[in-house]
Each structure stands twice: as structure tokens, then as C-alpha cells.
Amino acid sequence: MKIATFNVNSLRARIANVLDWLKDAQPDVALLQEIKCLEGEFPRLEFESLGYNAACVGQKSYNGVAILSRTRMEIELKALPGDHGDEQARYLEAIIDAPDGEKWKALRVASIYLPNGNPVESEKYPYKLSWMKRLKAHAAELLKLEEPTVLGGDYNVIPTDNDVYDPAAWAEDALARPETRAHFRALQWLGYTDAFHHLHPEGHRYTFWDYQAGRWQRDEGLRIDHLMLSPQAADCLEACEIDRAPRKKEKPSDHTPIWCELRL
DNA sequence: ATGCCTAACACCGTTAGA
């Protein structure tokens with residue numbers, strides 16, 4: 001079962017790109033972030049025409065996450081627990097049905113758009129850190145279920161200096177600061193596996209390249225999109241790769257998809 | 001030292017992204 005995550009940087013601006021990617025990559029489940037549209041503007045029919053069930057939590061102009069699944073899914077949560085006052089559309093969780101006639105167990109997935117947090121002196125950084133604390137608390141609850149679970153998305157976290165082209169330049173950025181990294185490691189200490197790092201520990205493989213300054217052409221990027229696996233999912237991990245093809249196209253997102261294959 | 005680029009929204013610039 002192939003599960004992919006992709007920060008599309010506006011679904012309306014990227015719809016042709018995203019549909020091409022789905023046709024080429026054929027994920028069973030796709031987690032999308034930064035759809036930047038209201039639910040009423042969500043291109044459900046286009047996804048259904050490719051054979052996907054689709055669900056989203058939308059917001060005008062900013063944020064927004066979605067889940068696409070080839071099989072039936074049930075939405076479990078449309079917001080991250082822990083702060084009823086948080087109105088930003090950054091979390092969607094679903095249970096994905098096993099396909100008929102297969103022995104796959106059901107899979108729980110979440111599409112995550114973790115706050116960027118810059119500038120660090122602003123209220124945005126404490127919001128990011130509190131969001132990460134809430135994520136840890138919820139992730140700990142999910143572990144008690146002992147299910148295969150994939151918490152995937154744009155974490156806006158550079159986990160180590162091996163995940164950025166110029167560590168010194170990024171050391172004080174909200175994506176790389178020690179507090180940010182500590183909260184990300186806390187997820188790993190709980191028992192979640194960073195799928196890509198597990199299979200590609202060599203580092204310097206990126207999922208984001210800034211539009212500016214020729215970052216893509218020079219392969220000066222960041223690894224900030226992650227697939228975090230519960231132990232029951234990590235047991236089934238067969239492969240995990242970054243798909244650079246969509247970043248090469250006309251009018252690309254500044255992120256590119258990352259996927260994992262689980263034999264459930 | 002700064003902007004580089006892209007998108008949304010509203011307006012012909014500002015905000016946000018990372």
C-alpha cells in the first residue's frame with residue numbers, strides 16, 4: 001500500500017500538476033497540505049474521476065489539508081485535539097479501509113500541516129511549539145490503539161543538520177532551532193519512525209527547494225516533509241522515496257511528494 | 001545587506017510562505 005504526502009502550495013493553482021502526479025505515481029492514499037481553499041472550492045470531482053475518495057478541511061487563502069483514498073475512508077478528526085480556539089486548518093485524520101479481497105488491515109492516517117513558526121520573535125513561534133506539544137500528546141494517545149498509523153505531512157521541521165543544504169544559515173530559523181528539533185525528536189522517542197531517515201540515513205535528500213535564488217537547480221533544499229510511522233506501520237515498511245519529478249514541471253509547488261510502501 | 005519567487009486577495013500593493 002503506497003501512502004504519499006505532498007504540500008501542493010495551492011490546489012487551484014496546481015490542479016493539473018497534482019492530477020498528473022496522481023496518474024503517474026498511483027498512490028493508494030495521498031495526504032495533501034496547503035490546499036489554500038474552502039471546502040466548497042475543493043476539486044472533489046477531479047479526484048473522484050481518478051478513482052479517489054476525497055475529504056478535506058479548508059480555509060480561505062491559507063493552510064488547508066486533504067486526504068485522498070482509493071478505498072472507503074472514515075474521517076476521525078478534522079482538527080488536532082488540545083485547543084478548541086485553534087481555527088487554522090492543519091489536521092485531518094481518517095481510517096482507510098482495507099480493499100476487498102485483500103488481507104490488508106485498516107490503516108489510520110493523518111494529513112498534517114505543522115505551523116512554520118517564523119519569525120521566531122513573533123507569536124507564531126510559540127504557536128508552532130504549542131502545536132507540536134499537542135501533536136505529541138495526540139500521537140501518544142494513538143499509540144495506545146496499537147494500530148498501523150501514518151502521521152504524514154509538512155512538518156516544517158529540519159530534523160538534523162544533515163537535512164539542510166546550509167546548516168549554519170538555518171540554525172536560528174523556526175524550522176531548525178533546538179526547541180523545534182527537540183519536539184520532533186519527542187515523537188520519535190514515543191515510538192514513531194521517520195520512514196525516510198530509517199531507509200536513507202545518509203542525509204542531504206530534500207523535499208523542499210525555495211523558488212528563489214536557483215535553489216532547485218543547485219539542489220539546495222530542506223527535508224521537512226515526513227512520514228512518521230507507528231510501530232505497527234514501521235513493521236510493514238518496505239520502501240520510502242522522495243519523488244522529484246513534480247518539482248521539475250512547469251509551475252511546480254516548492255515542495256515535492258514523498259511516499260512509502262507498507263506491506264500491511 | 002537585501003532580494004531573489006510564487007500565490008491569494010484585493011488592489012495596482014501587502015502578507016505569507018520556509
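A, B, ... follow the sequence lines: proteins, then strands. Residue 1 opens every chain.
Aromatic ring pairs are classed by plane angle as parallel below 30°, tilted from 30° to 60° and perpendicular above 60°; the pair A:F47 and A:F42 is tilted. Relative ring orientation between A:H226 and A:F184 is described as tilted, the plane-to-plane angle lying within the 30° to 60° band.
Comparing the P positions of B:dC11 and B:dA16 gives an interatomic distance of 16 Å, to the nearest angstrom. Straight-line distance between the P atoms of B:dT2 and B:dA8: roughly 29 Å, to the nearest whole Å. Rounded to whole Å, the separation between the P atoms of B:dT15 and B:dA10 comes to 14 Å. The C1' atoms of B:dA1 and B:dT14 are separated by 22 Å, rounded to the nearest whole Å.
Applying the salt bridge (Lys or Arg N to Asp or Glu O under 4.0 Å) test between A:R181 and each of A:D163, A:D173, A:D161 identifies A:D161 as the sole match.
A:T180 and A:Y125 share a donor-acceptor pair across their side chains, judged by distance under 3.5 Å alone. Judged by distance alone, the side chains of A:Y91 and A:D86 never bring a donor and an acceptor atom under 3.5 Å apart. Residues A:N9 and A:E34 bring no donor and acceptor atom of their side chains to less than 3.5 Å of each other.
A:Q217 places its CD atom 11 Å from the C1' atom of B:dC5, with the value rounded to the nearest Å.
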- Which nucleotides of nucleotides 7-18 of chain B have their base under 4.0 Å from a protein heavy atom (B), which only their sugar-phosphate (S), and which neither (-), written as one string 5' to 3'? SSS------SBB

